[in-house]
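To keep things clear, I will list the structure first and then write my remarks on it.
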Amino acid sequence: QKQPLRRRSADGRRGTGPTPSSSGGSGSPPRTTNLASDSYVQTYVILQSHDEPGSPTGGAKTPHHDALFRFGSWCYSGSVQLTPELELGDLPHIIPALRMQQARLD
């Protein structure tokens with residue numbers, strides 16, 4: 001009988017989960033490991049857009065925003081392209097746009 005693997009999250013807490021296994025002809029699908037925990041939270045931080053180059057103070061804004069993405073103990077930053085002004089009502093459109101541009105972040 002296989003015992004579950006013991007894992008430590010980024011904050012040192014122990015967790016258990018099923019051991020990943022390949023289907024050994026038993027007809028059952030392979031078991032998967034659920035990585036959801038308090039340690040693996042996704043966070044996006046989007047800063048205000050920049051002023052257009054050459055525009056006076058308070059002028060037009062660019063659609064480029066500096067952004068920070070955190071997944072667990074990993075952080076990525078860079079520039080993403082969204083609308084110049086963001087409001088709370090834009091959130092359902094912002095999240096998919098961020099996911100599409102996530103690979104651009106370093």
Side-chain angles (χ1 to χ4, degrees):
Q1 196 61 281
K2 287 187 178 178
Q3 296 294 318
L5 293 176
R6 298 238 177 241
R7 296 178 184 80
R8 287 192 184 266
S9 63
D11 61 1
R13 290 184 293 164
R14 286 187 169 207
T16 60
T19 54
S21 64
S22 62
S23 56
S26 64
S28 63
R31 293 185 286 175
T32 58
T33 302
N34 182 357
L35 295 178
S37 75
D38 292 339
S39 300
Y40 291 96
V41 175
Q42 292 187 20
T43 305
Y44 292 98
V45 177
I46 305 167
L47 301 179
Q48 289 183 331
S49 61
H50 306 282
D51 288 332
E52 279 287 351
S55 72
T57 304
K61 301 274 188 184
T62 69
H64 299 282
H65 297 261
D66 289 331
L68 173 76
F69 170 65
R70 177 181 173 236
F71 179 72
S73 61
W74 294 87
C75 291
Y76 306 88
S77 65
S79 182
V80 293
Q81 187 172 352
L82 303 165
T83 60
E85 297 293 325
L86 300 174
E87 297 179 5
L88 190 57
D90 299 328
L91 200 55
H93 307 288
I94 293 170
I95 299 299
L98 287 172
R99 286 183 179 156
M100 290 173 56
Q101 299 179 59
Q102 195 169 308
R104 292 188 203 169
L105 303 178
D106 297 325

| note | S49 and P84 have their tightest heavy-atom pair at OG-O, 3.1 Å
| task | Could you check I94, V45, L82 and say which one makes a side chain to side chain contact (heavy atoms under 4.5 Å, CB included) with H65? | result | L82
| Do the side chains of Y76 and R104 get nearer than 4.5 Å, heavy atoms only? | no
| said: I need the minimum non-hydrogen distance between P96 and H93, along with the two atoms involved. | reply: CD-O, 3.5 Å
| field | Cluster overlap F71 with M100, hydrophobic side-chain contacts below 4.5 Å | value | no
| query | Are the side chains of F69 and Q101 in touch, meaning some heavy atoms are under 4.5 Å apart? | reply | no
| said: Is it the case that atom CD in Q48 sees more than 12 heavy atoms from other parts of the structure closer than 6.0 Å? | reply: no
| request: Return the set of residues passing side chain to side chain contact (heavy atoms under 4.5 Å, CB included) with H64 (not counting sequence neighbours), or none when no residue passes. | output: T62, S79, Q81
| Do L68 and L91 sit in the same hydrophobic cluster, where Ile, Leu, Val, Met, Phe, Trp and Tyr count as joined when their side-chain heavy atoms come under 4.5 Å apart? | no
| query | In Å and rounded to the nearest 0.5 Å, what is the OH to CG distance from Y44 to L105? | reply | 8.5 Å
